[in-house]
Amino acid sequence: AQSNVSHLLCLPSVYSLLLSYLDRLAVVQNIIVAGEECPRELVAKHHKLLPTAALYNEYGPTEATVWCTVYKCEPNIPIKVPIGRPVANAQVYILDEQMCPTPIGTRGEIYVGGDGVARGYLGDSRLTASRFLNCPAHLNAPGQIYKTGDLGRLLPDGNIEFLGRRDQQVKIRGMRVELPEIENALRKHPAVEHCLVTLNGAAHGEQSLIAYVQPAWDVAPELLRDFLKQALPLHMIPSAYIFMKTFPRTGTGKIDRRALPAPVDGAESDSVYIAPASPFEKEIARIWCGVLHLEKVGVDRDFFETGGHSLSAMQIAARITDRFQVEIPLSEFFRHGTVGEQANMVFQRLAFRNPSQNMVRTVQCVS
């Protein structure tokens, strides 16, 4: 708002967060969301709250200079938001296993050609050869095409619908994540006999990584989480750990992913639950529960153990700032990652800013 920004490009999950601050979005004329699937609910929310601004859903891998297709999201949209049509100087093909175009409505792999396609991966000729291919003669297009690994289909109106990945690569908050890489890291823990990691779509639109573990002996989830933090970046750390005696199997002996139990959203055992006591703890716990969709949260529960991530941290920090008029940088938020620590931090900053008499009034107000 201070810079009078008129155009915005961000993840759908980020835009959903920003829609909570409508007074600061009044100047925005065009919004482009990209980097992860655009939920139909977000399009409906946009048209309800910002009907004068245009919303576009964009698709394209980094290897094809990010921008390949675009779809203008109108109020009456299909059940699944399309990724649109190719932009200028880009060619997008939906091909079968024989590299032939699939019929309308038939699933195939998405290939991208055109001026934006990169020459390959620096220093990795083997991966380059498997992904950057000479365009087949029957497609009548010059140059190379990029094999995205994404699945899609051509709709009757000429738009393209995204249908997920061929492999086990997923995207979570815009980050590419290879599930086998997490599983391999987790198997290195001596207590893990077998494991499986999946991407879970929660009821509130959030996505999270879930680790299913068959342990060799009893092990606490916190120990597994700390172990993975030594090997993986934060966005690849599962938020929930479900322990299995055995994995459900299909008739052919493969793990039946559809039969895996769903995680209990934000569940916390009463035996380890420490209730908020001070007025500051109660208020900050209320903010956590509102953002993370929890019924309750203990004062010593780690933020990431509750399923929190960078976007929800931004929301909580913003609400704490609005409630107490105390600025909490994200670095401080993560360093003090429990309700109790954050309540103490807010109390100390208010006490430093307000002399004792004002502090008493502040505590009474919170109560």
Side-chain angles (χ1 to χ4, degrees), residues 13 36-37 127 130 149-151 163-269 271-273 292-294 297-298 300-313 334 337-338:
S13 50
E36 60 191 21
E37 288 194 61
L127 186 59
S130 68
D150 294 330
L151 298 173
L163 299 175
R165 292 282 303 175
R166 289 185 63 96
D167 52 24
Q168 289 185 283
Q169 184 187 96
V170 299
K171 269 197 171 182
I172 181 166
R173 294 182 290 281
M175 297 284 198
R176 292 186 189 183
V177 173
E178 298 283 354
L179 297 181
E181 187 175 349
I182 305 174
E183 294 168 355
N184 290 338
L186 192 54
R187 287 192 191 101
K188 293 179 181 178
H189 193 286
V192 175
E193 192 169 288
H194 189 48
C195 66
L196 182 72
V197 177
T198 66
L199 182 66
N200 176 65
H204 307 287
E206 300 286 355
Q207 288 185 315
S208 58
L209 294 167
I210 311 299
Y212 295 87
V213 178
Q214 185 175 335
W217 58 78
D218 288 344
V219 59
E222 294 79 11
L223 294 178
L224 296 180
R225 185 179 290 108
D226 291 341
F227 177 78
L228 288 178
K229 285 179 181 178
Q230 307 303 315
L232 299 174
L234 191 59
H235 67 273
M236 294 179 68
I237 307 298
S239 60
Y241 296 78
I242 299 177
F243 295 97
M244 313 279 293
K245 290 184 178 179
T246 59
F247 282 90
R249 302 281 176 174
T250 64
T252 59
K254 296 181 179 180
I255 293 178
D256 188 355
R257 291 174 178 265
R258 291 178 297 181
L260 291 170
V264 179
D265 190 16
E268 186 164 1
S269 169
S271 63
V272 298
Y273 173 70
L292 299 173
H293 309 287
L294 304 174
V297 60
D300 62 344
R301 190 77 186 274
D302 181 81
F303 172 72
F304 293 105
E305 292 177 11
T306 65
H309 51 72
S310 56
L311 292 182
S312 51
F334 294 135
T338 68

Minimum heavy-atom separation for [X] and [Y], please, with both atom names.
| X | Y | value |
| --- | --- | --- |
| H189 | V219 | CE1-CG2, 4.1 Å |
| I237 | K229 | CD1-N, 3.8 Å |
| F243 | P215 | CD2-CG, 4.0 Å |
| Y241 | L228 | OH-CD1, 3.6 Å |
| A216 | P190 | CB-O, 4.2 Å |

Atom [atom1] in [X], atom [atom2] in [Y]: separation rounded to 0.5 Å?
| X | Y | atom1 | atom2 | answer |
| --- | --- | --- | --- | --- |
| L260 | T198 | CG | OG1 | 6.5 Å |
| E183 | H194 | CD | NE2 | 8.0 Å |
| L224 | L186 | CG | CG | 6.0 Å |
| E37 | L163 | CD | CG | 8.5 Å |
| E193 | W217 | CD | CH2 | 10.0 Å |
| I210 | L179 | CD1 | CG | 11.5 Å |

K188, NZ atom: more than 12 neighbouring heavy atoms under 6.0 Å: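 Atom NZ in K188 is not crowded, with 12 or fewer foreign heavy atoms closer than 6.0 Å.
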Please work out which of the three classes, parallel, tilted or perpendicular, describes the rings of F303 and F334, given edges at 30° and 60°.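 Tilted: the ring planes of F334 and F303 meet at 30° to 60°.
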Should V213 and I242 count as side-chain neighbours, where that means a heavy-atom distance under 4.5 Å? no
N184 meets the side-chain hydrogen bond (donor to acceptor under 3.5 Å, both in side chains) criterion, sequence neighbours left out, with R187
